[in-house]
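To start, the structure itself, in structure tokens.
All residue numbers in this chain count up from 1 along the given sequence.
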Amino acid sequence: MKNNEISIGIVGKGIGGLTLALALEQSGYKNIKLYEQSDTIEQSTKGAGIMLACNAMQIMKKLGLHEELTSEGNILKRMNITNENLKVLSCINMEPFSTLYNVNMVAIHREKLYHILNSKIKCEEFLGKRLEKINLVSDQLSMIFKDSTESNADIIIGADGIHSQVRNSYFSEVEMLDAGQLCWRGIANIEMSKYTDELNELWGKGKRFGFVKINSHQIYWYALVNTPYNDPITLSRLTYIFKDFHPDVLDIINSTEERTIITRKIYDFKTLHKWYKSRVCLVGDAAHAMTPNLGQGACQAIEDAYILSESLKRYDGEQAFAKFNEIRRDKASWIVERSRKIGNMSQLNHTIGIWLRNTIMSAIPSNFAYRDTKKMLDIYQYESIL
């Protein structure tokens, strides 16, 4: 059987799963099926935006989507870390990277990104399919779903997120690491003439607030506080929590529909050493869940999707998974660890520590930030390996 004739089951219809399906279809695979546990994607996309950094946009350009995503989103030129009053402590200029990679960094509504990807794929999709387990019997892989249905595939890809049932049913258990932070995300319906092409993240005492325009009339924002935090969250309560922040923060919060705000506790886990087993492979958060502090969760899933599709095109069976694992593990693990450290630093709760952190950040030479950012955004290293 030729590689492009094998049947592929992708569990999870998020950004990683959709990107993988599209990349595989463009590589000539025809027998692909997507399985999603939710009956609708609205809950996870309605109140959220996403930043597609230059690494993700390089992949999107290879898939023919860069121009459409750029036109539907907002191009970012700067990423600022500030204090509570929007005094800049550190700025990463994204324009050199846009020139280097010939792509833009784009902030876009997550729902818009989802629908653009979904509109490009042709494979069969099955909603409301909550995986129970995977069986391997006589060299045949079978997915058993909680609705008692069953589906077979030559290979199975787990793109089903941090709480992956593919991973839980077929790989060793992982230990979830609680970051000690609670996160809220929302979309504010507000027009601001400022902040047109920049992301701002304000660091306070045990809390922070980030926001970015995703179009002319909407701003995507996220807020994190150190836990435990058990009070019911309302707009008035959020306004009280961030009352000592810049007035624009309060305007953004108060321009958000309360029912659309998404609340999550922040977890990650130690990245698995091996992401595949007997023709079953993990991608994205299922393999290397990371805290959101670098905005790289979806971007790394997009990298996974492209590199896995390229590996499958060039190698057979487990050899393709092994090559994919070899290429992607070190970078993904580095970003997981770095994101965890940034999260700890950004949520300091001691006045002296905060003063010292802010002083050091203001003094760090720009070439330090450039070096690490380039390491995160580069995908050229994959070309020679593949």
Side-chain angles (χ1 to χ4, degrees), residues 3-4 6 8 10 12-30 32 34 50-76 94-108 110 112-123 155 157 159 275 281 283-285 287-288 294-315 320-321 323-332 335 373-386:
N3 270 14
N4 62 3
I6 63 175
I8 302 175
I10 302 174
K13 198 187 170 193
I15 302 305
L18 285 170
T19 305
L20 178 58
L22 178 59
L24 288 170
E25 285 186 351
Q26 291 190 2
S27 293
Y29 289 86
K30 303 184 185 304
I32 304 168
L34 262 172
I50 189 171
M51 274 78 72
L52 293 173
C54 290
N55 54 328
M57 290 300 282
Q58 289 175 81
I59 303 298
M60 291 303 177
K61 189 172 186 177
K62 290 176 181 294
L63 298 176
L65 298 181
H66 177 262
E67 289 188 11
E68 184 174 2
L69 291 170
T70 300
S71 66
E72 293 290 346
N74 179 38
I75 297 173
L76 300 183
M94 299 307 299
E95 291 187 275
F97 299 106
S98 294
T99 301
L100 176 64
Y101 301 120
N102 198 28
V103 295
N104 298 302
M105 180 178 180
V106 173
I108 190 170
R110 186 175 285 263
K112 176 68 73 173
L113 171 62
Y114 183 96
H115 285 303
I116 288 173
L117 287 169
N118 197 46
S119 69
K120 302 296 187 291
I121 62 174
K122 302 179 178 63
C123 63
I155 67 172
I157 310 299
W275 301 352
C281 189
V283 298
D285 280 353
H288 47 72
L294 292 173
Q296 276 289 312
C299 296
Q300 289 304 300
I302 289 168
E303 283 195 33
D304 281 353
Y306 177 73
I307 298 304
L308 179 55
S309 70
E310 290 295 302
S311 297
L312 285 167
K313 191 163 61 176
R314 290 166 167 80
Y315 303 95
F321 291 157
K323 178 60 69 173
F324 161 68
N325 203 149
E326 172 196 341
I327 293 172
R328 286 287 299 135
R329 187 182 183 278
D330 286 349
K331 181 178 180 181
I335 292 176
T373 304
K374 186 176 185 299
K375 181 177 178 180
M376 186 166 60
L377 300 182
D378 254 340
I379 67 166
Y380 294 147
Q381 68 269 31
Y382 302 145
E383 307 293 343
S384 60
I385 298 173
L386 285 170

Test side chain to side chain contact (heavy atoms under 4.5 Å, CB included) applied to Ile157 and Ile8, step by step: CA-CA 7 Å; Ile157 310 299; Ile8 302 175; 4.1 Å; yes

Derivation and outcome, side chain to side chain contact (heavy atoms under 4.5 Å, CB included), residues Leu69 and Ile108: CA-CA 8 Å; Leu69 291 170; Ile108 190 170; 4.0 Å; yes

CA sep, side-chain torsions, deciding dist, call: Tyr114, Lys13, side chain to side chain donor-acceptor pair (under 3.5 Å): CA-CA 9 Å; Tyr114 183 96; Lys13 198 187 170 193; 3.3 Å; yes

Working for side chain to side chain contact (heavy atoms under 4.5 Å, CB included), residues Met57 and Met105: CA-CA 7 Å; Met57 290 300 282; Met105 180 178 180; 5.9 Å; no

Test side chain to side chain contact (heavy atoms under 4.5 Å, CB included) applied to Ile379 and Ile307, step by step: CA-CA 10 Å; Ile379 67 166; Ile307 298 304; over 6 Å; no

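Formation of a donor-acceptor pair under 3.5 Å by the Arg314 side chain with backbone atoms of Ser309 is not found in this model. Using a distance-only test at 3.5 Å, with no hydrogens or angles considered, no donor-acceptor pair links the side chain of Gln300 to the main chain of His288.
Considering OG of Ser27 and CD of Glu310, their distance stands at 5.5 Å, rounded to 0.5 Å. The line from CD1 of Ile121 to CG of Leu18 is 5.0 Å long, rounded to the nearest 0.5 Å. With rounding to the nearest 0.5 angstrom, the OH atom of Tyr29 is 8.5 Å from the NZ atom of Lys313. Considering SG of Cys54 and CG of Asp378, their distance stands at 10.5 Å, rounded to 0.5 Å. Note that NE2 of His115 and CD of Glu72 are 12.0 Å apart. Values are rounded to the nearest 0.5 Å. To the nearest 0.5 Å, the span separating CD1 on Ile302 from CG on Leu65 amounts to 9.5 Å.
Checked against ring-ring contact (aromatic ring centres under 6.0 Å, His included), Phe321 has no partners two or more places apart in sequence or in another chain. For Lys61, the side chain to side chain contact (heavy atoms under 4.5 Å, CB included) test picks out His66, Asn102, Val103, with sequence neighbours left out. For Ala305, the side chain to side chain contact (heavy atoms under 4.5 Å, CB included) partners two or more places apart in sequence, or in a different chain, are Thr19, Leu20. By the salt bridge (charged side-chain N to carboxylate O under 4.0 Å, His left out) test, Glu67 is found to be paired with no residue, residues two or more places apart in sequence or in another chain being considered. Residues passing the side chain to side chain contact (heavy atoms under 4.5 Å, CB included) test with Glu326 are Lys323, sequence neighbours excluded. The side chain to side chain contact (heavy atoms under 4.5 Å, CB included) test applied to Lys30 returns no partner, not counting sequence neighbours.
Nearest heavy-atom pair across Asp304 and Gly284 is OD2-N, 2.8 Å. The nearest pair of heavy atoms linking Gly12 to Leu34 is O-CD2, 3.7 Å. Counting all heavy atoms, side chain and backbone alike, Ala301 lies closest to Gly16 at CB-CA, 4.0 Å. Residues Ala21 and Ile32 approach most closely at O-CD1, 4.0 Å, considering heavy atoms. In terms of heavy-atom proximity, Ser98 sits nearest to Asn104 at OG-CA, 4.0 Å. The nearest pair of heavy atoms linking Ser311 to Ile327 is OG-CD1, 4.5 Å.
Side-chain contact check for Leu312 versus Leu24: some heavy-atom pair is nearer than 4.5 Å. Counting heavy atoms from C-beta on, the side chains of Lys331 and Lys375 never come closer than 4.5 Å. Counting heavy atoms from C-beta on, the side chains of Leu22 and Leu117 come closer than 4.5 Å.
Of the listed residues (Lys120, Gln26, Glu25), just one forms a side-chain contact (heavy atoms from CB on, under 4.5 Å) with Leu63, and that residue is Gln26.
There is no side-chain donor-acceptor pair under 3.5 Å between Tyr101 and Asn55.
Taking the ring centroids of Tyr306 and Tyr382, they lie at or beyond the 6.0 Å cut-off.
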